[in-house]
A.B. asks: 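What follows is a structure written as structure tokens; I'll ask about it next.
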Amino acid sequence: MDYLEIEGGHPLSGEVTISGAKNAALPIIAAALLSDKEVKLKNLPNVVDIRTLLKLLSMLGAKVDHNDTEATIDCSTITSTKAVYEIVAQMRASILVLGPLLSRFKHCSVSLPGGCAIGQRPIDLHIKAVETLEAEVTLNEGYVVAEAKNGLQANKIIFDKITVGGTENAVMAAAMANGVTEIVNAAKEPEVVQLCQMLDMGGAKIEGIGTSSLKIHGTNGVPLHYKEAIEVIPDRIEAGTYLCVGAITNSEITLLNVNTEHIQTSIEKLESMGCTFDYTDTTITIHPTKELKGVTIVTTEYPGFPTDMQAQFMAVATLAQEESLVEERLFENRFMHVSELNRLGADIWLKGNIAAIRPVKELHAAEVMATDLRASSALVIASLAATGTTKIRRIYHLDRGYDRLEEKLSKLGAKISRKND
Ligand code: EPZ
């Protein structure tokens, strides 16, 4: 199995180009199902999750032409509306085909995703949203089976909890419904915004994009037509991860192709730790920081501090001069990296959903195990600052969401290599 070997302690420098956002690209690919014309996508990240969803669309009968950062998807040839367990079990985001399949084909069955390393992650809000649009939903042999014989009917969807994927499924379901659907307490993440802009360009007019209150003018069963190619927004989590790399290794690193507005909370938190930056709308340079201060982090929905950056900040905080506190509010089990960071010499104490990170003088190499995508990147960040050579196992988690990580880090001067045993 592949593992990463990282020799820590080397200062880094240079430029890194940020890839397209995985979490924006996934709903965009699902939204291709709402069209019977070719959809062109650009700036896709070259990661496993993207290939998994494209494979699912191919299995449904779509024609997919994909190379590296671009894809053309033709969903005029769909022959099945069943998202099988084999794919959904590999990637929970496959649930994003529920809304568009139901909206366009009036029926679908999607396997229940099953367990997840970071928490229970139920899909009840996705189901409730389509039921509100008058779909009949049953659970049958592990599948969510949904039907809307006369097409989905517009209604008011009120989310009692903010959900990114739930909002995305709801807007895609509403896109070809009959009438104007209102969504109350919608997620406002940049990835949701880009999806709404895409649907709007495709013919389902959307009011309130970027706010928590959306109005989607359904096309009454007419498939959408995305006239222009869709260029996926830069990955704000990948960008934040490289800023954390700069912070912990005391390096000067410039990020290209980034949307600095989307990473404001990460910038502000790093500033509060003593880091300094120069930035424009699309580039940012982090300067070397000799002494890091402690930080307090509470994860919450956008524009608050993202749960997807929690593990990476925890890695940086291990080497701060003062104690730091991290409270995880979105997922009940997103602290699997704590024991692995402690194996690298960190001193992190955990109670419930709160972690206290006590300062240590140095981190030292060990053999550690990646447990989920962002936990894995936290281990990479810590290893880059640790003395000695760390081995990180189970790096298939990293491959799901970080585009060419070793290549990008090597270019910055990191001693990192992928090995196999
Ligand atoms: C998205 O997951 C992201 N995934 C996650 O990124 C990210 O951590 C998360 O949003 C929060 O920002 C993608 O975009 C593909 P949610 P999602 O629905 O949509 C609860 C990464 O590392 N909930 O906003 O699944 C849920 O349990 C990944 O790239 C319900 O209770 O997250 C959680 O506590 C990991 N019922 C909260 O809502 C539901 O039906 C927010 O989850 C749905 C969600």
Side-chain angles (χ1 to χ4, degrees), residues 19-31 45 47-50 52-53 56 88 90-99 110 112-132 137 144 157-173 183 185-195 212 232-233 235-241 262 265-266 298-312 328-337 353 370-378 397-403:
S19 299
K22 163 184 83 77
N23 289 348
L26 292 171
I28 284 172
I29 291 169
V47 297
V48 170
D49 275 10
I50 296 302
T52 303
L53 192 56
L56 173 57
V88 184
Q90 283 173 41
M91 187 186 66
R92 301 181 63 81
S94 311
I95 190 68
L96 290 171
V97 300
L98 172 75
V110 181
L112 281 166
C116 175
I118 64 175
Q120 279 188 41
R121 306 187 70 188
I123 55 159
D124 56 315
L125 301 173
H126 300 241
I127 294 175
K128 204 175 143 206
V130 294
E131 280 178 337
T132 307
V137 180
V144 177
I157 298 171
I158 303 175
F159 283 114
D160 51 21
K161 187 172 191 177
I162 299 176
T163 158
V164 174
T167 303
E168 290 166 345
N169 248 332
V171 289
M172 289 189 279
I183 302 181
N185 206 21
K188 296 183 287 193
E189 270 65 5
E191 296 77 18
V192 176
V193 170
Q194 185 169 37
L195 173 68
S212 57
V232 178
I233 56 171
D235 194 317
R236 63 194 168 102
I237 306 303
E238 189 196 20
T241 302
H262 293 167
T265 46
S266 291
V298 179
T299 65
T300 180
E301 296 86 3
Y302 189 84
F305 188 89
T307 174
D308 290 348
M309 284 303 305
Q310 181 256 103
Q312 301 88 318
E328 171 57 55
R329 287 213 182 148
L330 289 189
F331 294 109
E332 65 275 17
N333 193 28
R334 207 170 197 182
F335 277 135
M336 304 276 276
H337 42 284
N353 65 337
T371 49
D372 74 73
L373 175 57
R374 309 305 170 187
S376 320
S377 64
H397 291 292
L398 276 172
D399 296 335
R400 290 185 55 179
Y402 283 95
D403 189 359

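Whatever order the structure lists them in is the order used to number ligands and atoms, beginning at 1.
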A.B. asks: For the backbone of V192 and the side chain of E189, can you confirm whether one donor and one acceptor N or O come within less than 3.5 Å of each other?
C.D. replies: no
A.B. asks: To which protein heavy atom is atom 32 (O) of ligand 1 closest, and what is the distance rounded to 0.1 Å?
C.D. replies: F331 CZ, 3.9 Å
A.B. asks: Give the atoms of ligand 1, by number and element, whose distance to some non-hydrogen atom of T307 is under 4.0 Å.
C.D. replies: 8 (O), 11 (C), 12 (O)
A.B. asks: In the protein, which heavy atom is nearest to atom 3 (C) of ligand 1, and how far is it?
C.D. replies: N23 ND2, 3.7 Å
A.B. asks: Is the closest heavy-atom distance from P122 to ligand 1 below 4.0 Å?
C.D. replies: yes
A.B. asks: If I take atom NZ from residue K188 and atom CD from residue E301, how far apart are they, to the nearest 0.5 angstrom?
C.D. replies: 9.0 Å
A.B. asks: For ligand 1, is there an atom lying under 4.0 Å from some heavy atom of R334?
C.D. replies: yes
A.B. asks: Without swapping roles, check the side chain of T167 against the backbone of A187 for a donor-acceptor pair under 3.5 Å.
C.D. replies: yes
A.B. asks: At the 4.0 Å heavy-atom cut-off, does K161 count as touching ligand 1?
C.D. replies: yes
A.B. asks: Can you report which non-hydrogen protein atom sits closest to atom 2 (O) of ligand 1, along with the distance?
C.D. replies: R121 NH2, 3.3 Å
A.B. asks: Specify the protein heavy atom at minimum distance from atom 19 (O) of ligand 1: its residue, its atom name, and the distance to 0.1 Å.
C.D. replies: G165 N, 2.7 Å
A.B. asks: Please identify which atoms of ligand 1 are closer than 4.0 Å to at least one heavy atom of K22.
C.D. replies: 21 (C), 29 (O)
A.B. asks: Considering non-hydrogen atoms of the protein only, which is the closest contact for atom 5 (C) of ligand 1, and what is the distance?
C.D. replies: D308 OD2, 3.7 Å
A.B. asks: If only atom types and distance count, is the side chain of N169 paired as donor or acceptor with the main-chain N or O of I95 below 3.5 Å?
C.D. replies: yes
A.B. asks: Using a 4.0 Å cut-off to any heavy atom of L330, which atoms of ligand 1 qualify?
C.D. replies: 33 (C), 34 (O)
A.B. asks: How far apart are the closest heavy atoms of M172 and P27, and which atoms are they?
C.D. replies: SD-O, 3.9 Å
A.B. asks: Are the side chain of E332 and the backbone N or O of R334 linked by a donor-acceptor pair below 3.5 Å?
C.D. replies: no
A.B. asks: Closest non-hydrogen protein atom to atom 29 (O) of ligand 1, residue and atom name please, with distance?
C.D. replies: R374 NH2, 2.7 Å
A.B. asks: Note the single closest protein heavy atom to atom 36 (N) of ligand 1, along with its residue, its atom name and the distance in Å.
C.D. replies: D124 OD1, 2.7 Å
A.B. asks: Look at ligand 1 and say whether R92 reaches it with a heavy atom at a distance under 4.0 Å.
C.D. replies: no
A.B. asks: Can K22 and E238 be counted as an ion pair, charged N to O under 4.0 angstrom?
C.D. replies: no
A.B. asks: To which of V164, D235, I237 does the heavy atom nearest atom 16 (P) of ligand 1 belong?
C.D. replies: V164
A.B. asks: Could you tell me whether the side chain of Q194 and the main chain of I233 form a donor-acceptor pair under 3.5 Å?
C.D. replies: yes
A.B. asks: Are any of the N or O atoms of E189 closer than 3.5 Å to those of ligand 1?
C.D. replies: no
A.B. asks: Is a donor on one side and an acceptor on the other found under 3.5 Å between the side chain of N185 and the backbone of F159?
C.D. replies: yes
A.B. asks: Please report which non-hydrogen protein atom sits nearest to atom 40 (O) of ligand 1, along with the residue it belongs to and the distance in Å to one decimal place.
C.D. replies: L125 N, 2.7 Å
A.B. asks: Any side-chain heavy atom of D49 sitting closer than 4.5 Å to one from L373?
C.D. replies: no
A.B. asks: Under 3.5 Å, is there a donor-acceptor pair between the side chain of D235 and the main chain of S19?
C.D. replies: no
